[in-house]
Amino acid sequence: MLPFSLVYHDGFYLPLGAHVFPGEKYRLVHQRLLTTDAAAESDFVRPKTIALEDVLRVHEAGYVERLIDGTLSEEEILQMELPYSKALADATLLSCGGTLEAAQLALRDGAACSIGGGFHHAHAGHGEGFCILHDVAIALARLLHDRAIERAMVIDLDVHDGNGTAAIFPPASEHRHGTLRNGVAIGSMMPSAAGIFTLSMHQQNNYPAYKPPSSLDVPLADGTDDAEYLEALEGALDAAFAHSRPQLIAYVAGADPYVEDQLGGLALTIDGLKQRDRTVFRAAQLAGAPIFSVYAGGYARHVEDTVTIHGNTVLAAAEVFSFHGATSC
């Protein structure tokens, strides 16, 4: 057994048809973890669909109503960049429930991994960039409401800027730029008014065009490789933890910094991405902060690579949290 739980449901499948987003990847990761003996069925927890009252702590009521009723405008659907269906809305609501479950399990056990989620481009009043509801924001808002936590950190390492997270949890002070390491720009180093410190380390010359300020932004140059990336990550984590003492960490572990990703322009290898995951989990462990991971993007030319990268996030967590089992996925 793993020393933490994995959150998964067959309903996480996103019915997208022919689309660059591999909606079947969640099922494939689940299968890979089982067939490689990296996890057992007993390690998995099946979540429930998120309650609407939890969604409405983050998202505008009119938008949520149109999303559920299927009355989104053509413009709203185009902005989502996904083909709308009731099944898509249901899968997203279930994934949001999975992220909340993972967050609650992390508070109980010290760590948890959701085999889904990470919809970090969703805004309060609209979806965009393949994201229609912001699962991480919904989960953190619920835990803040319950007073289970007062402070949290989002570590977003998708290749694309976490613009929805920054818009929902804007830094509490005016955004200023300084330097972190090797000339990398940093932001205000302040949490949001809600107590959420947001870190986004992303490819600068990539989606979205407008990137609202996070507490700490680390924009990377095109073609950044393993060594450069991991050095920047170490510096970013040092800076983040110097300015924040989170009671919970949400880790957005995008697979799209991969060199073969169709929507990315960085040059990380599969091994480099696994080391990235280890680095984040170790930083959380050293800080004594519970951590849960979600997946976000991954668009490798071969879906098997995306599955390997996502599976390795679970293996990296298992290694850091003292599980000595499977070493490859």
### Query
Given S73 and R66, is the side-chain hydrogen bond (donor to acceptor under 3.5 Å, both in side chains) satisfied, shown in steps?
CA-CA 8 Å; S73 68; R66 294 191 299 278; over 6 Å; no
### Task
Tell me, please, which residues at least two apart from Q275 pass side-chain contact (heavy atoms from CB on, under 4.5 Å).
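Q275: side-chain contact (heavy atoms from CB on, under 4.5 Å) contacts with L230, R278, T279, R282.
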### Query
Partners of L144 by side-chain contact (heavy atoms from CB on, under 4.5 Å), sequence neighbours excluded?
I149, A194, I196
Indicate the atoms forming the closest heavy-atom contact of [X] with [Y], along with that distance.
X    : Y    : answer
D161 : S200 : OD1-OG, 3.3 Å
P213 : P171 : O-CD, 3.2 Å
C131 : H120 : SG-N, 3.7 Å
N206 : G264 : ND2-CA, 3.8 Å
Y84  : L67  : OH-O, 2.5 Å
A318 : L2   : CB-CD2, 3.9 Å

#### Entry: Heavy-atom side-chain contact between F4 and L105 under 4.5 Å
no
### Task
Check whether any side-chain heavy atom of L100 lies under 4.5 Å from a side-chain heavy atom of F292, and answer yes or no.
no
### Message
Checking D90 now: which residues fulfil side chain to side chain donor-acceptor pair (under 3.5 Å) with it, not counting sequence neighbours?
### Response
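Side chain to side chain donor-acceptor pair (under 3.5 Å) list for D90, sorted by chain: K86.
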Determine which pairs satisfy side-chain hydrogen bond (donor to acceptor under 3.5 Å, both in side chains) with at least one residue from [range], sequence neighbours left out, and list them in order.
range            : result
residues 121-144 : D54-R142, Q79-H126, T99-D135, H121-N163, H126-E128, E128-N163, E128-Y207, H134-T165, R142-D146
residues 103-114 : none
residues 260-271 : D226-T269, E260-R301

Once rounded to the nearest 0.5 Å, what's the spacing between atom [atom1] of [X] and atom [atom2] of [Y]?
X    : Y    : atom1 : atom2 : answer
L94  : Y13  : CG    : OH    : 14.5 Å
E41  : Y8   : CD    : OH    : 9.5 Å
R27  : L14  : CZ    : CG    : 12.0 Å
R151 : L140 : CZ    : CG    : 13.5 Å
I115 : K25  : CD1   : NZ    : 11.0 Å
N312 : I270 : CG    : CD1   : 7.5 Å

### Query
Does the distance from a Lys or Arg side-chain N to an Asp or Glu carboxylate O, for E319 and K274, drop under 4.0 Å?
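Salt bridge flag = yes for K274 with E319.
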### Query
Do V20 and Y295 share a hydrophobic cluster, counting only Ile, Leu, Val, Met, Phe, Trp and Tyr and linking them when any side-chain heavy atoms are less than 4.5 Å apart?
yes
### Query
With hydrophobic residues grouped by side-chain heavy-atom distances under 4.5 Å, do L263 and V303 end up in a single group?
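Yes, because L263 and V303 connect within a single hydrophobic cluster, where side-chain heavy atoms sit under 4.5 Å apart.
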### Query
Hey, mind stepping through S214 and D217 against side-chain hydrogen bond (donor to acceptor under 3.5 Å, both in side chains) and telling me if it holds?
CA-CA 6 Å; S214 306; D217 286 302; 3.0 Å; yes
### Message
Would you say the ring centers of H19 and F130 fall short of 6.0 Å from each other?
### Response
yes
### Message
Check for me whether the distance between the ring centres of F281 and Y251 falls short of 6.0 Å.
### Response
yes
### Task
Give the C-alpha distance, both sets of side-chain angles, the deciding distance and a yes or no for side-chain contact (heavy atoms from CB on, under 4.5 Å) between L237 and L199.
CA-CA 9 Å; L237 293 173; L199 161 58; 4.1 Å; yes
